[in-house]
Amino acid sequence: LCRVYKKTSGNESIALYLGKRDFVDHVESVDVVDGVIKVDPAELDGRKVWVYLACAFRYGSDDLDVIGLSFRKDIWVKRVQIYPVVGTKPANTPMQEALLKKCGDQGHPFTFTIDTNLPCSVGLQPAPEDAGKSCGVDYEVKAYIAKEADDPDEKISKKDTCRLIIRKIQFAPGKVGAGPKADISKNFMMSDKPVHLEASIEKELYFHGDPIPVNVKINNETTKVVKKIKITVEQTTEVLLYQSDKYSKTVFTEEFAEEIKGESTLEKTFTVIPLLSNNKEKRGLAVDVSEFPKTYIRPGMDKGMQGIMVSYKIKVNLLVSSGGLLGGLTLKEKIPEINHMHKKRISLKCCAHICLHPCKCAFLICQDNASV
């Protein structure tokens, strides 16, 4: 049994048929977008039927489209004339053959090849009170009736159009490499010995919903006491098209009450599970249906074409304290994550690939060059 997606124009002159709405980016190539347009020539009045596939970046909702200004930018567009038929058509795919049986003699197949350097579908999660389409990158297949393919002076009525939104998605890589490791030593005032912290992850790839074991080793050579361990997972979103906008959202945080006394050590594995279901109300979080997405950049790809770049990192923090005279004074110092060479912090940076199914969405963890 094959599911068919259908959208008919308001005047019922044309209908758009697709056999699927998810098209996979296999890194070297992308699934072909193949469909069929059913055309009733009786209402065309000498006009032609066209179909286009567009990749667009939306950075504002529909209600903000005022005075002719649209908060939408087309990244890539391809148009094909469907009726009357012109030129030679490629051989029909099995999907098109199945769709043509439903449309009969009025069916006309079309095929689009998506460029491999285009971004995958991703959206920024709106707030509960927001209405309309969310910001993000989407793909649209649209059939329409017009005299010309793209005449700015020709107004196309909504009743002469029909459209379906599709998704370009990525599988997680099949090969899983070893996980990253980072370490740092922190010296404190009035102490000639440091606290040494090391964090690592067993593998570089985790699926959405999988537990992520974070291995933590602490060697406390000071007289201070480590009171608490905090592990945080952050999603970093970089909007590239309309401005240079980069921000981070915490998608998981948990504190572990582990006390490491002076001149002692600890080696323990802590498990974290970042889930979209626990972040439903966070505005601006980059999402893809029921998953956390990640942008995969292949060598030579134009980063600016990606619209929205998404990455992840895991941070391990220690809360270190020491008592003063009679225990009345307390000094608290936090060891933040390492991200830049001149900042004393420990960081594991992770990236998640968009996958076809929620169970296949992955966190791909990459190591930063951490140094003190």
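All values reported here derive from a predicted model rather than from experimental measurement. Numbering of residues begins at 1 and proceeds along the displayed sequence.
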- Query: Ignoring hydrogens and geometry, is there a side-chain-to-backbone donor-acceptor pair from Tyr144 to Ala149 under 3.5 Å?
  - Reply: yes
- Item | Side-chain donor/acceptor of Glu154 to backbone N/O of Lys147, under 3.5 Å | yes
- Query: Would the number of heavy atoms belonging to other residues, nucleotides or ligands and lying under 6.0 Å from CD of Glu12 be above 12?
  - Reply: no
- Please name all residues satisfying salt bridge (Lys or Arg N to Asp or Glu O under 4.0 Å) with Glu254, sequence neighbours left out, ordered by chain then number. none
- Determine yes or no for a side-chain-to-main-chain donor-acceptor pair under 3.5 angstrom, with Asp74 supplying the side chain and Trp76 the backbone. no
- SB check Asp31 Lys168 (cutoff 4.0 Å): no
- Is there a donor-acceptor contact under 3.5 Å from the side chain of Arg21 to the main chain of Ile165? yes
- Message: Please report the interatomic distance SG(Cys103) to CD1(Ile37), rounded to the nearest 0.5 Å.
- Response: 8.5 Å
- With sequence neighbours left out, what residues match Glu258 under side chain to side chain donor-acceptor pair (under 3.5 Å)? Lys268
- Give me the ring orientation class for Phe256 and Phe270: parallel if the planes are under 30° apart, tilted from 30 to 60°, perpendicular past 60°. tilted
- Message: Tell me the closest heavy-atom pair linking His196 and Ser185, and the distance in Å.
- Response: ND1-OG, 2.7 Å
- Message: side-chain contact (heavy atoms from CB on, under 4.5 Å), that's the test. Do Glu255 and Ile229 meet it? Break it down for me.
- Response: CA-CA 6 Å; Glu255 294 183 350; Ile229 300 173; over 6 Å; no
- Note on the structure: Which of Thr265, Asn219, Val195, Asn220 passes side-chain contact (heavy atoms from CB on, under 4.5 Å) with Ile260? Answer is Asn220
- Task: Assess whether side-chain contact (heavy atoms from CB on, under 4.5 Å) is satisfied between Gln106 and Asp40, documenting all intermediate values.
- Result: CA-CA 7 Å; Gln106 292 184 331; Asp40 182 1; 4.0 Å; yes
- Message: What I want to check is whether the side chains of Ser248 and Thr236 have a donor and an acceptor closer together than 3.5 Å.
- Response: yes
- Sequence neighbours excluded, which residues qualify as side chain to side chain donor-acceptor pair (under 3.5 Å) partners of Tyr139? none
- Message: Looking at every non-hydrogen atom in both residues, tell me the closest pair between Leu100 and Pro109 and how far apart they are.
- Response: CD2-CD, 4.3 Å
- Does one side chain, of Thr93 or Asp34, offer a donor that lies under 3.5 Å from an acceptor on the other? yes
- Message: Here's a test for you: under salt bridge (charged side-chain N to carboxylate O under 4.0 Å, His left out), which of Lys78, Lys142, Arg79, Lys48 qualifies with Asp150?
- Response: Arg79
- Message: Between Gln96 and Leu99 (side chain of the first, backbone of the second, donor and acceptor by atom type, cut-off under 3.5 Å), is there such a pair?
- Response: no
- Lys7 NZ: over 12 foreign heavy atoms closer than 6.0 Å: no
- Message: Using a strict threshold of under 4.0 Å (side-chain N to carboxylate O), is an ion pair present between Glu234 and Lys249?
- Response: no
- Task: Tell me, with the steps shown, if Leu197 and Lys217 meet side-chain contact (heavy atoms from CB on, under 4.5 Å).
- Result: CA-CA 6 Å; Leu197 171 63; Lys217 296 180 181 180; over 6 Å; no
- Message: Could you tell me if Thr269 and Glu202 have a donor-acceptor pair between their side chains, going purely by distance under 3.5 Å?
- Response: no
- Query: Got a donor-acceptor contact below 3.5 angstrom from the Thr250 side chain to the Phe252 backbone?
  - Reply: no
- Query: So does Asp105 have more than 12 non-hydrogen atoms from other groups sitting under 6.0 Å from CG?
  - Reply: no
